[in-house]
Amino acid sequence: MYLLYGFAIFAGMLNALQAGANATLSKSLATAFPAALIVVAVSATSLLAAGLISGQLVWPGGNRLAAVPWWAWIGG
């Protein structure tokens, strides 16, 4: 359990670096849109890998997808 607490604290500390890394990527590419696409692609790939490794990657059925309120799809 202590390992999870340590991981959460470490992830929180790294989260502070994210804005600077994103800004540097945007400045290096001289445009924000491709930088944002790269950030989203890296995030999606990381989540996919974590889901596959943990065995938690299960797609919900159609009934569950239909039950989601319309406004929940814009959440992040």
Side-chain angles (χ1 to χ4, degrees):
M1 188 67 157
Y2 290 113
L3 181 63
L4 293 177
Y5 290 135
F7 180 71
I9 291 169
F10 183 66
M13 291 181 343
L14 288 179
N15 197 29
L17 301 175
Q18 182 178 5
N22 291 350
T24 301
L25 179 62
S26 180
K27 287 179 183 178
S28 296
L29 297 178
T31 182
F33 192 74
L37 288 175
I38 290 169
V39 169
V40 170
V42 169
S43 297
T45 303
S46 299
L47 285 171
L48 179 63
L52 290 173
I53 290 169
S54 68
Q56 298 292 320
L57 188 64
V58 179
W59 196 255
N63 292 338
R64 285 218 178 250
L65 292 174
V68 176
W70 67 268
W71 49 265
W73 293 103
I74 60 172

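It should be emphasised that the depicted structure is a prediction, and the values quoted were computed from it without experimental measurement. Basis for what follows: all heavy atoms, side chains included, without hydrogens, waters or symmetry-related copies.
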Counting only pairs under 3.5 Å, give me each side-chain donor-acceptor contact of residues 58-70, with atom names and distances, residues two or more places apart or in other chains.
none

Residues 4-25, side-chain donor-acceptor partners within the protein, below 3.5 Å, at least two apart:
residue: Thr24; atom: OG1; partner: Gly20; partner atom: O; Å: 2.8

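Minimum interatomic distance between Ala32 and Ser26 (heavy atoms only, all atoms of both residues): CA-OG, 3.4 Å.
Both Leu29 and Val39 are assigned to one and the same hydrophobic cluster, defined by single-linkage of ILVMFWY side chains at heavy-atom distances under 4.5 Å.
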